[in-house]
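As structure tokens, the structure follows; a few thoughts come after it.
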Amino acid sequence: MPIGWIDFSKSDRDKVNSILDMLGEKATLDELGIAPIRDGFADIFFPGTTTIQTRAKYFFLVPYELRDIELSKLAESNNLMGLLRKSEHDTGKALYEQDPSEHSGVIGRRILRNNGNNWVKRTPAEIYWAGLRRYDIFRNNISLTEYLQYVAAQKRNKENILSMGNRNDKKEERDDADAGDVPYARFWNLPDTAYLGKEEWRKTLSMKLDKEEGSFLKRQIHMTCPDSMMDYLLQNNLSDVLQGCDYFQDLEKCKYHFPDSMRQDYEMALNFSNFVYLLRILYNRICRQETYEQAEIAWKEKENNIIEYSSALDIDGIFTRLSLLKQGRNKWLYNFLKNCQQALLHEQIEKAEDEITKREVWLKGEARSRTVNKLPGDILDWFTGGELDYRYGNAKTIMNDIFESEAE
């Protein structure tokens, strides 16, 4: 029987989509259900980021476009959403024409390349909305849809005031014309000279941050996320650390930079990543009808680390640090990790594989389980990801954008 949810409103859909964004690393599915831990550490290290953010500039492009909409003459919320999509599409086209390369970070690049008239299902505003709130750039906890509905209501209120008011006196006409304006300062917190006025910012459109934008974003991250690894790297100007660390695991060689509490979190998260990678290799081994060479090679590389990785894993410490209660769905995650840890500590590989199979069936049901319904040999895809990145790759790009703005 098909299963889904009833979509009551665009606001509800926004919230569900935001949750789905947080559920997985880019292009991977969480087959083993370890998202509460992965995302918990990601939020400690790199708050305000998601796996589908691309460049820091969108923390400004989105407010600029929404401020334009606040100044528009359209009143209906549906029209405002359409206006936003058109504005973001136009911005995407302009940025793509400047730099069509894969590394440009332009959202919707593939669509713009193949068909310039189509646009993404998830707009930059939807992708960056949670981050804008987290960094106190948007100063309210409402959703994007709720914000646009409020703007539309304010515009309708202004129209009603104008239609009822006496505008014979020039002073009254001026006062009435201002009545019902959307209170810009109530929502948006931006540098004084960042927003140049309706459509004016497009004249200097660039994916790079200018000095003022970079300084402002760095300051906002410091004010709202002062204990994060992201803030520590920015405030200590450790751009050299970023250049030498392509992956989260690479931070091991420079963790001496971090204060004790941050280093402890890093080591706990790294140990979890190492252990989960063992489980992911096993998962890819057991969900195949035939021997899967990529998984066999990966297992061979890590075979001598099984006891080391299993011994280093502090499951109770992780649950305490992330305030995860050992009840409900998290109880089953806790038991799964404990059982797999004990199995691998005693090198009982088949027992660990059995735990992985039971875990996937519990999460997805037997009919959808790859460990039960084995994949044919011609499917060579790697499933459920590798070592955990904790959104480091996305955060690194944003931090590099800030560092580059300071160098100009």
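All values reported here derive from a predicted model rather than from experimental measurement. The figures here come from the full heavy-atom set of this structure, side chains too, leaving out hydrogens, waters and symmetry mates.
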Strictly distance-based, threshold 3.5 Å: is any side-chain N or O of [X] a donor or acceptor partner for the main-chain N or O of [Y]?
| X | Y | value |
| --- | --- | --- |
| Gln220 | Tyr135 | yes |
| Arg370 | Leu375 | no |
| Asn189 | Asp136 | yes |
| Thr384 | Glu31 | yes |
| Ser104 | Pro100 | no |
| Thr320 | Asp316 | yes |
| Asp68 | Leu84 | no |
| Asn141 | Arg133 | no |
| Asp401 | Lys208 | no |
| Asp99 | Leu95 | no |

Can you list everything that forms a salt bridge (Lys or Arg N to Asp or Glu O under 4.0 Å) with [X]? Sequence neighbours excluded, please.
| X | result |
| --- | --- |
| Arg109 | none |
| Glu308 | none |
| Glu97 | none |
| Asp210 | none |

Is any side-chain heavy atom of [Y] closer than 4.5 Å to one of [X]?
| X | Y | value |
| --- | --- | --- |
| Ile37 | Leu337 | yes |
| Leu80 | Ser72 | yes |
| Val241 | Leu251 | yes |
| Ile318 | Ile315 | no |
| Arg280 | Leu388 | yes |
| Asn274 | Asn305 | no |
| Ile44 | Arg321 | yes |
| His89 | Asn118 | no |

Separation of [Y] [atom2] from [X] [atom1] (nearest 0.5 Å):
| X | Y | atom1 | atom2 | value |
| --- | --- | --- | --- | --- |
| Asn335 | Trp362 | CG | CH2 | 10.0 Å |
| Arg55 | Met207 | CZ | CE | 5.5 Å |
| Lys326 | Tyr334 | NZ | OH | 4.0 Å |
| Asp265 | Met262 | CG | CE | 8.0 Å |
| Ile137 | Leu217 | CD1 | CG | 5.5 Å |

Sequence-distant partners of Glu88, side-chain hydrogen bond (donor to acceptor under 3.5 Å, both in side chains), two or more places apart
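For Glu88, the residues satisfying side-chain hydrogen bond (donor to acceptor under 3.5 Å, both in side chains) (neighbours in sequence not counted) are Thr123.
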
Using the six-membered ring wherever Trp is involved, compare the ring planes of [X] and [Y] and label them parallel, tilted or perpendicular (cut-offs 30° and 60°).
| X | Y | value |
| --- | --- | --- |
| Phe248 | Phe45 | tilted |
| Tyr64 | Phe60 | tilted |
| Tyr292 | Trp382 | tilted |
| Tyr150 | Phe187 | perpendicular |

Is the centre of the [X] ring less than 6.0 Å from the centre of the [Y] ring?
| X | Y | value |
| --- | --- | --- |
| Trp129 | Tyr147 | yes |
| Phe41 | Phe272 | no |
| Tyr247 | Tyr392 | no |

Within the supplied structure, the quantity of interest is the number of heavy atoms (other residues, nucleotides, ligands) at a distance under 6.0 Å from [X] [atom1]; does it exceed 12?
| X | atom1 | value |
| --- | --- | --- |
| Lys351 | NZ | no |
| Lys374 | NZ | yes |
| Glu366 | CD | no |
| Lys331 | NZ | no |
| Arg85 | CZ | yes |
| Lys211 | NZ | yes |
| Trp332 | CH2 | no |

Could you walk me through whether Lys218 and Gln235 pass side chain to side chain contact (heavy atoms under 4.5 Å, CB included), step by step?
CA-CA 8 Å; Lys218 183 177 180 177; Gln235 293 303 318; 3.8 Å; yes

Donor-acceptor side-chain pairing of [X] and [Y] below 3.5 angstrom:
| X | Y | result |
| --- | --- | --- |
| Thr91 | Glu65 | yes |
| Thr145 | Ser143 | no |
| Asn400 | Gln243 | yes |

Could you walk me through whether Ile142 and Gln149 satisfy the side chain to side chain contact (heavy atoms under 4.5 Å, CB included) test, starting with their C-alpha distance in whole Å, then the side-chain angles of each, then the deciding distance to 0.1 Å, before giving a yes or no?
CA-CA 10 Å; Ile142 59 176; Gln149 289 171 343; over 6 Å; no

Are Arg391 and Phe46 in a cation-pi setup, meaning NZ or CZ lies under 6.0 angstrom from the ring centre and within 45 degrees of the ring axis?
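Pair Arg391/Phe46 does not count as cation-pi.
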
Among Val276, Thr357, Ile356, the one residue meeting side chain to side chain contact (heavy atoms under 4.5 Å, CB included) with Tyr283:
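Of Val276, Thr357, Ile356, side chain to side chain contact (heavy atoms under 4.5 Å, CB included) with Tyr283 is met by Ile356 alone.
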
For a side chain to side chain contact (heavy atoms under 4.5 Å, CB included) with Asp231, tell me which candidate from His222, Met399, Met223 qualifies.
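Running side chain to side chain contact (heavy atoms under 4.5 Å, CB included) over His222, Met399, Met223 with Asp231 returns exactly one hit, His222.
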
May I have the step-by-step check of side chain to side chain contact (heavy atoms under 4.5 Å, CB included) for Ile221 and Met230, ending in yes or no?
CA-CA 8 Å; Ile221 292 172; Met230 190 170 186; 4.0 Å; yes

Show the atom names and distances, to 0.1 Å, of all donor-acceptor pairs under 3.5 Å that link a side chain in residues 341-350 to residues at least two apart or in another chain.
| unit_1 | atom_1 | unit_2 | atom_2 | d |
| --- | --- | --- | --- | --- |
| Gln341 | NE2 | Ser310 | O | 2.8 |
| Gln341 | NE2 | Leu313 | O | 2.9 |
| His346 | ND1 | Gln342 | O | 2.8 |

Derivation of the salt bridge (Lys or Arg N to Asp or Glu O under 4.0 Å) call for Arg263 and Asp260:
CA-CA 5 Å; Arg263 185 163 59 248; Asp260 289 344; 2.5 Å; yes

Using the rule given for side-chain hydrogen bond (donor to acceptor under 3.5 Å, both in side chains), can you reason through Arg288 versus Asn284, listing the C-alpha separation, both sets of side-chain angles and the distance that settles it, and then say yes or no?
CA-CA 7 Å; Arg288 314 287 174 159; Asn284 279 275; 3.1 Å; yes

